[in-house]
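Note on naming: letters A, B, ... go to the chains in the order of the sequence lines (proteins, then strands), and numbering restarts at 1 for each one. The analysis underlying the following values was restricted to heavy atoms, covering all of them including side chains, and did not include hydrogens, waters or symmetry mates.
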2 protein chains.
Amino acid sequence: MQGYDKYAYEPFAVTVDLAVFTIREGRLHVLLVERGEQPYAGRRALPGGFVQPDEAAETAARRELAEETGLADVAGLHLEQLRTYSEPDRDPRMRVVSVAFTALVPDAPEAQAGSDAAKADWLPYGEHRPAYAPLAFDHDRILADAHERVGAKLEYTGLATAFCPPEFTLGELRQVYQAVWGAELDPANFRRKVLATPGLVEAVPGAARLTGGRGKPAAVYRAGGASALHPPLLRPEGRS
Amino acid sequence: MQGYDKYAYEPFAVTVDLAVFTIREGRLHVLLVERGEQPYAGRRALPGGFVQPDEAAETAARRELAEETGLADVAGLHLEQLRTYSEPDRDPRMRVVSVAFTALVPDAPEAQAGSDAAKADWLPYGEHRPAYAPLAFDHDRILADAHERVGAKLEYTGLATAFCPPEFTLGELRQVYQAVWGAELDPANFRRKVLATPGLVEAVPGAARLTGGRGKPAAVYRAGGASALHPPLLRPEGRS
DNA sequence: CTCTTTAATGGTCGTGACGACTATAAAGAG
DNA sequence: CTCTTTATAGTCGTCACGACCATTAAAGAG
């Protein structure tokens, strides 16, 4: 940060890339666009775009998120910086430094075509070889990093509620954990742990709802105000 | 990442800032330089500099780390990207996007003056109002974010060994946790937890060393190969 | 209607991690 | 020698957690 006049500095292009996750039918989905131009024309890529001269990276990310998803209340969505990717050769055309973000969307409306007319839609996130791989640029790595980050944050923050609508059942919340971790969780034990963790959820009095159409109606909860969980909800077997 | 020809993009200057920590006499210290130029002349700041056209941000960070600390074996030091700070007004002169890194140094030799002749030395990290605050730019926030990150990573990774020399005693390792967390830990319980965590440390057979000059000589350990800890070593009371 | 299926909810039990605490061992200071 | 300091070993009660079982309340099939 010091020595401006002693170092020569080169200008960089700065972009944002977004790994936007949602839960659909109990499975984790990610928002991907289809590139229409070279390089990587026709390949899938994470949505994103250039940071404008007067905005912070997070502002740019939220603007792009609104453009790509068509969601109205982008202000309340969970958006978190993942990390910055700056390898000199990550874009064959020019020097591009990209700040990657992870976004969590509760209910997923159909994706909008972005302002650059690229096709955008939700595709299931798969552990093995997903049908859309490999993505353009280094987006496979960014997506994998984002998934790992989300999985880890579910353990020690109340982030899972960001995948849910304002009111939800414990079964829906459990499906979030199962979809992200790719593991089965015992409903009874999950319930005990969630209710024993202060600030994770709070009950909505007198409300009940049917989740899958079948089965006993479940009680309805709201997200609690806690950010850090004590104790954390650890994954069944280490990593995913 | 798409739509290069539809969006106008502005060039940004890209820098790295480093929050370099070490343990001295059982207390956490941070490496700070003194600015010699406007703005913030005479104020303390985190070491850092511009990213060169042909290097990644991490490469630039490691180069700056070598220049500022004078350490020879920078290759083996722990260096981790923290996050990127991109608020438009964070530098009054121009638009600067800074990728912040956290570095952990085991034994702390005296700091070198950087190549731009700025004074650099180790100052104790204080929870209250440190004597060097406020730092230049948004470095107070970066430093606080870095400290929180390091404290959190001690819980679920074997990162604490990065503060220690290649061979260390459990008392020295415990001092790392105490210095970063600002909390007292019971020696016996700490020993039981560390030894029960596979891959954290491994014993050096037949070696013993006196730590503080007094007391029974302690057994010597090396860092284990584990990155993630199972179970994690949680902080005594939530956050610090 | 009755029976089956499904999911929520409530409970038990054994294991293991952890904090508080006590005791012992090995060094230096006086 | 005694006292202090630090490492090391062990005990004990509490609590979190996983595996498991039982009950309840709804939908759907017949």
Side-chain angles (χ1 to χ4, degrees), chain A residues 25-26 154-156 164 167-179 181 183-201 203-221 228-238, chain B residues 25-26 154-156 164 167-179 181 183-221 226 228-238:
Chain A
E25 300 153 11
L154 287 198
E155 291 191 331
Y156 54 92
C164 296
E167 297 195 339
F168 53 86
T169 69
L170 293 188
E172 292 167 347
L173 186 66
R174 182 168 47 88
Q175 282 206 344
V176 171
Y177 282 90
Q178 293 182 158
W181 289 348
E184 291 275 316
L185 298 177
D186 182 85
N189 291 336
F190 179 81
R191 172 188 184 82
R192 170 160 45 91
K193 282 176 72 169
V194 168
L195 296 183
T197 303
L200 216 195
V201 299
V204 176
R209 181 155 44 101
L210 279 72
T211 60
R214 281 186 286 274
K216 178 177 175 178
V220 177
Y221 294 85
L229 299 188
H230 293 282
L233 277 87
L234 296 179
R235 279 178 272 199
E237 274 309 306
Chain B
E25 299 153 11
L154 287 198
E155 292 190 333
Y156 54 92
C164 295
E167 297 196 338
F168 52 87
T169 69
L170 292 189
E172 292 167 348
L173 186 64
R174 183 168 47 87
Q175 282 206 343
V176 171
Y177 281 89
Q178 292 181 158
W181 289 347
E184 290 275 316
L185 298 177
D186 182 85
N189 291 336
F190 178 81
R191 173 189 183 81
R192 169 159 46 92
K193 284 176 71 171
V194 168
L195 295 184
T197 303
L200 217 193
V201 299
E202 55 184 35
V204 176
R209 180 153 45 98
L210 278 72
T211 61
R214 279 186 288 275
K216 177 178 174 178
V220 177
Y221 295 84
L229 300 188
H230 292 280
L233 277 87
L234 296 179
R235 280 178 271 199
E237 275 308 304

Paired nucleotide for D:dG30 [Watson-Crick or G-U wobble; both distances under 3.5 Å]
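C:dC1 - that is the nucleotide pairing with D:dG30, both distances being under 3.5 Å.
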
Paired with C:dA17: which nucleotide, if any, by Watson-Crick or G-U wobble criteria at under 3.5 Å for both distances?
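Base partner found: D:dT14.
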
Under the side-chain contact (heavy atoms from CB on, under 4.5 Å) rule, collect the residues that match up with [X], sequence neighbours excluded.
| X | value |
| --- | --- |
| A:Glu167 | A:Val204, A:Val220, A:Arg222 |
| A:Pro198 | none |
| B:Leu195 | B:Leu170, B:Arg191, B:Val201, B:Tyr221 |

Could you state the interatomic distance from CG (A:Leu200) to CG (A:Leu229), rounded to the nearest 0.5 Å?
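Interatomic distance, A:Leu200 CG to A:Leu229 CG, rounded to 0.5 Å: 4.5 Å.
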
I'd like the 5' and 3' limits of the part of DNA chain C contacted by chain A, with heavy-atom contacts below 4.0 Å.
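Both ends considered, the range comes out as C:dT6 to C:dG11.
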
Would you please name every residue forming a side-chain hydrogen bond (donor to acceptor under 3.5 Å, both in side chains) with A:Gln175, sequence neighbours left out?
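Applying side-chain hydrogen bond (donor to acceptor under 3.5 Å, both in side chains) to A:Gln175 gives none.
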
Going by the rule side-chain hydrogen bond (donor to acceptor under 3.5 Å, both in side chains), which residues pair with B:Arg174 if we only count those two or more places apart in sequence or in a different chain?
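For B:Arg174 the side-chain hydrogen bond (donor to acceptor under 3.5 Å, both in side chains) partners, ignoring immediate neighbours, are B:Gln178.
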
Would you classify A:Leu234 as touching base, sugar-phosphate or nothing, given that sugar-phosphate means primed atoms plus P, OP1 and OP2, and contacts are heavy atoms under 4.0 Å?
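If one applies the 4.0 Å heavy-atom cut-off, A:Leu234 turns out to touch nothing in the nucleic acid.
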
Salt bridge (charged side-chain N to carboxylate O under 4.0 Å, His left out) partners of B:Arg209, counting only residues at least two apart:
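B:Arg209 satisfies salt bridge (charged side-chain N to carboxylate O under 4.0 Å, His left out) with B:Glu172 once adjacent residues are dropped.
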
Who are the ring pair (Phe, Tyr, Trp, His ring centres under 6.0 Å) partners of A:Phe190, not counting sequence neighbours?
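By the ring pair (Phe, Tyr, Trp, His ring centres under 6.0 Å) rule, A:Phe190 matches A:Tyr177.
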
Tell me, for nucleotides 7-16 of chain D in 5' to 3' order, what letter each nucleotide earns: B for a base near a protein heavy atom under 4.0 Å, S for only sugar-phosphate near one, - for neither?
BBBB------

